[in-house]
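Below, read A as the first sequence line, B as the second, and so on, with proteins coming before strands; counting in each chain starts at 1.
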Amino acid sequence: MPGIIVKPVTTDEVSQIVKLANREKIPIVPRGGGTTYGGTAYSRSPEESSLTICMDLTRMRKMLNINEVNRTVTVEAGITCTELETRLRRRGLYVHTVYGPADSVTVGGVISGVCGGGGGQMFSSAGNNGPYFIGVKAVLPNGDVIETGTRTNAQASMFGRVCHGPDMTGLFIGHMGIFGVTTEVTLQLFDWPSYEGVGGVAYDYENLDDAHKAFTALAAHPARPFSLLGLIGPGPESIMRRIDWTLFYKVHGFSQEEVDQKSKIASEIIAHTAQPKEWDSDFVRILQKRSLLHPHDVSPRKMGMWSYPEPCCPRDGTLGIVKATLELMNGELESWGGRIKSAGSAVWMHGDQDYVSFPLHHKESDPEAREKALDVWKKIIDLALEQGANFLVMDKHIGDMCAARFPPEYHDFLRTIKKSLDPNNIMNPYVLLLSED
Amino acid sequence: MVNNERLNEFREMAYACTRCGYCREKYSDDVPTKTPAFGVCPIWEHNGGFEHHCSRGKLQIAQGILEGRLQYSEELIDVLYTDPDCRLCSWVCNAEPVLDPPKIWQAMRQDIVSAGLGPPKKLKEIDSRVKERHNVFGGKPELRDRWAEGLNLPTEGVVLYFAGCYASYTQPEIARSTVAILREAGIEIAYLAGEEWCCGVVQFHDGSISLAEDVARHNIEMIRASGAKTVVTACAECYKSFKVDYAEIWGETGFEVVHVSEMMSGLISEGKIVFKSSLPESRVTFHDPCRLGRYCGVYDPPRNIIESIPGIELKEMLRHREYAWCCGGGADLVPSMNSELATEIAAGRMAEAKETGAEAIITSCPRCANTLRDAEEGIKVYDLSVAVAQAMGLNV
C-alpha cells in the first residue's frame with residue numbers, strides 16, 4: 001500500500017507534486033479507476049511502501065473541449081470512459097474508449113495501462129484505440145509539462161497526431177506511467193452509428209475448426225463490417241458437457257438499410273464457409289440455450305474473483321493457441337471439482353489480431369483454489385507467449401512476465417529511455433523489471 | 001482482541017468483490033442524470049473520494065482483517081461507522097446478489113462491539129438511552145405515548161400502529177395523522193401505549209446486537225399480547241427493523257408488518273381514503289428512504305398516493321427509486337460520527353429536489369425528514385402521512 005495518496009485537480013498541481021517527489025526521490029504510481037486486473041506495485045517490500053505516492057487522478061475529470069469541425073475531444077485523464085462516451089452519445093458522437101467496466105475505468109487508465117490504448121465498443125472493426133488518440137498533455141518525471149501531436153507547434157490546436165518528428169504520443173500509450181503522468185488526452189471524434197443489428201450462430205462442439213473458419217472469413221472481409229465479432233465456447237467445465245461454439249456478430253450503421261446490408265454480408269460468408277447448426281438473431285438466447293453467458297455477466301455473481309489470461313494472438317495462430325490452452329486448462333483443472341470454474345472461452349476479432357480470453361473464477365476464500373488458479377493463469381500466459389501471442393492489459397505481474405522475455409537489447413533500450421527521462425527512477429519504478437539489475 | 005466471529009460468517013461475501021468500482025460511481029440508462037456517471041457512495045463522494053470510504057475499499061479492509069493483515073484501529077473503526085448503510089452499493093454491485101456490503105459492515109461492527117472497541121461515543125450514548133429509556137432521544141418513557149392523548153386508542157386490536165421514537169417524541173403530527181387517516185378509512189387502530197420501545201434500528205446497524213435483540217423481543221411480545229395480526233408503521237426504519245431484522249432473527253412472528261404507504265395506497269384504491277382538499281404546493285417530489293426502498297422494495301405505494309392527491313404533480317428527482325440518493329441520516333450512523341458530513345449529504349439531496357422545480361419534498365421516514373429539514377430550509381419537507389391527512393382535510 002502507498003504511504004501517501006494525492007488527488008490533484010490540475011496539471012500544475014501534478015507538476016508540483018512530481019517536482020517535489022523528484023527532489024525527495026519518492027516513487028509515484030499514477031492511478032485511475034483502480035481496476036487493473038493484477039494490481040500494481042507500490043514497492044518492492046512492505047517497508048518501502050510508506051515511501052510511495054499514489055497519485056489518484058479521478059478528480060481531474062473535466063471534458064475540456066469538443067471540436068466537431070476538427071473531430072476532436074479533449075478531456076482530463078481522470079474522466080471515466082462511460083461519462084465521456086455518454087456525454088458524447090447525447091450529441092450523436094462517439095470515441096473509442098474501453099469495453100468495460102467503463103463506469104469506473106478512466107481515460108487516463110486506458111491510455112496508460114493498456115498497450116495500444118485498449119479497445120472500445122467497436123473494437124473488432126476498430127482494433128486498438130491507439131490510432132484514435134491524437135495527443136496528450138503529460139507531466140514528465142522532472143515536472144516539465146509537454147504536449148504531443150500538433151501542439152508541438154505552440155500556436156496550433158490539438159488537431160493531429162503525426163507532425164514535427166517522431167510520434168511521441170505513442171510513448172504515452174501503454175507506458176504504465178513510467179514516462180510521466182498523462183493529465184489530458186485528445187481523442188478522435190466519430191459520429192455515432194445509432195442503428196445496430198446482431199446475429200448468433202451455433203456450431204457443434206466437434207466443429208471448432210468450422211466455427212473458426214467462419215470467424216476468420218468474417219474477420220477477413222475488407223470492409224470490416226462487424227463492430228463486434230466473437231467466438232464463444234467452452235471452458236474446462238463445459239468441455240465435459242461438450243458445449244457448442246457460438247459465433248456472435250454485431251453490426252452498426254447510420255441506417256437500417258446499412259445494418260441489413262452488413263448483416264447480409266455475414267449470412268453470405270457463413271453460408272459459403274461452414275454451415276452452422278443453428279442461427280438466431282438473439283445472441284443472448286443462443287447462449288442461454290447452451291448455458292453460456294458472457295463471463296462478465298454471470299460468473300462474478302457466483303464465484304467472485306477471476307484470473308483473466310487474455311493473449312492477443314496473430315490470427316493464423318489463434319486456433320492453435322485456443323486448442324492448446326483448453327487442453328492445458330482441462331488437464332490442470334480436471335481434479336479440482338468445480339472449485340475453479342470458467343464461464344467459457346472467447347475469441348474476439350480485435351482489428352487484425354484476435355483477442356482471446358480464458359476467465360478462471362475461484363472463490364478467494366478458498367486459498368488453495370486461488371493459488372491453483374494463479375498457477376494455471378501463469379501457465380496460460382507462458383504458453384501463449386511461447387506460441388507467439390502478446391498481452392495488452394498490463395499490470396505488475398503480466399508486465400513482469402512479458403518483460404522477462406524482452407530481448408536484452410530491447411530491454412536496454414527501454415531502460416535507457418527511462419533513465420534519460422527519469423534519472424531518479426521515481427515514475428512507477430517497479431514494473432517491466434525496470435528496477436532489476 | 002477481536003475474534004471476527006460475525007465477519008467470518010460473511011467470509012464468502014467479503015471475497016466476492018470483483019473490484020469493478022461500480023460502488024463508487026455508476027452509469028445507468030434508468031437514471032437520466034446530467035452527468036451520465038452518478039455517484040453511488042455518498043461517503044466516497046462527500047468525504048474526499050478516498051478508496052477506503054467506498055465498498056470496494058472497505059471490502060479490502062474486511063479481507064485484511066480476516067487475514068490478520070489489519071487490526072481495528074480507531075481510525076479504521078471510524079471509517080466503518082461513517083456509513084449510512086444506504087445500500088445503493090448493493091443495488092449496483094456487479095456481484096449482486098452474492099454481495100451485500102452493508103451486511104459485512106454490520107458484522108464487523110458486531111465484532112467491534114463484542115471486543116469492547118465500539119460503538120463510538122455518540123452511538124454508545126444512543127444505545128444507553130435506548131437501554132435505559134427505550135428511545136433514541138432519552139425522553140422520559142412515560143411521555144412516549146403523549147401523542148395519543150385524547151385519541152382513546154385501545155391497547156388491544158387486530159391492527160396495531162407502531163409509532164417509533166421520532167413520531168412519539170419529536171414529530172407527533174406523524175402519529176396523529178396516521179391514526180386519523182386510518183380511522184377515517186374505517187380501520188380500528190390499537191397501539192402499545194407506554195409498552196412500545198424503540199425498534200432497535202440503530203443497534204442493528206451499530207453492532208450492539210444484544211440490545212437490539214432485547215428491544216425487539218420486547219416489542220414482539222407486546223404486539224403478540226395485543227392480539228394484533230397486522231402492525232402498521234409510518235417509519236421506514238421501524239419498518240425495516242420489523243420486516244428484515246426481526247424476521248432474520250425470529251422468522252415467523254405471528255403478525256404481518258406493513259408500511260403505512262402500502263396500507264394507504266390500498267385504501268385509496270378501495271375508495272376508503274378520499275381527498276377533500278390538497279396541499280398548498282402544486283408540484284412535489286418524493287424522497288425514497290433507503291430502508292423503505294432498497295431494503296424492503298417499497299417504491300410504488302408512496303407514488304400512487306401522491307399522484308392521487310388532487311392538484312398535485314409528482315416530479316421525480318434524477319436519482320430516484322432504486323437509485324435514490326441517501327439523506328445521510330440512516331440509522332443515525334453518519335450524524336453521530338460526523339454531523340457536518342450528514343448535513344452535506346442531505347444538502348446535496350435537497351439541491352436535487354430543488355432541481356425538479358418542486359415546491360415541497362415528501363418522504364415516508366421521519367429520520368429522513370429530520371435530516372433533510374436540518375440541511376435546507378428553503379423547501380418544505382412533508383411526511384407522507386402528514387401530507388395525506390392535510391389533503392384529506394383532517395384536523396389532527
Q) In terms of heavy-atom contacts, does CD of B/E9 have more than 12 from other residues, nucleotides or ligands at under 6.0 Å? A) yes

Q) How far does OH of B/Y15 sit from CG of A/D366, to the nearest 0.5 angstrom? A) 11.0 Å

(Q) More than 12 heavy atoms of other residues, nucleotides or ligands under 6.0 Å from CD of A/E368: yes or no? (A) no

**Q.** Non-hydrogen atoms of A/T35 and B/R19 that approach each other most closely
**A.** CG2-O, 3.8 Å

(Q) Using only non-hydrogen atoms and a strict under-4.5 angstrom cutoff, which residues of residues 73-83 of chain B touch chain A? (A) none

Q. Could you walk me through whether A/I5 and B/E51 pass the side chain to side chain contact (heavy atoms under 4.5 Å, CB included) check?
A. CA-CA 10 Å; A/I5 301 171; B/E51 190 78 3; over 6 Å; no

Q) Can you tell me if CD on A/E196 sees more than 12 non-hydrogen neighbours from other groups inside 6.0 Å? A) yes

Q. Side chain, backbone, both or neither: which part of A/R31 has a heavy atom under 4.5 Å from chain B?
A. side chain

Q.
Applying a heavy-atom distance below 4.5 Å, give me the residues of residues 53-69 of chain B that approach chain A, sorted by number.
A. B/R56, B/Q63

Q: Tell me, yes or no, whether the heavy-atom count around B/R6 atom CZ, taken from other residues, nucleotides or ligands under 6.0 Å, exceeds 12.
A: yes

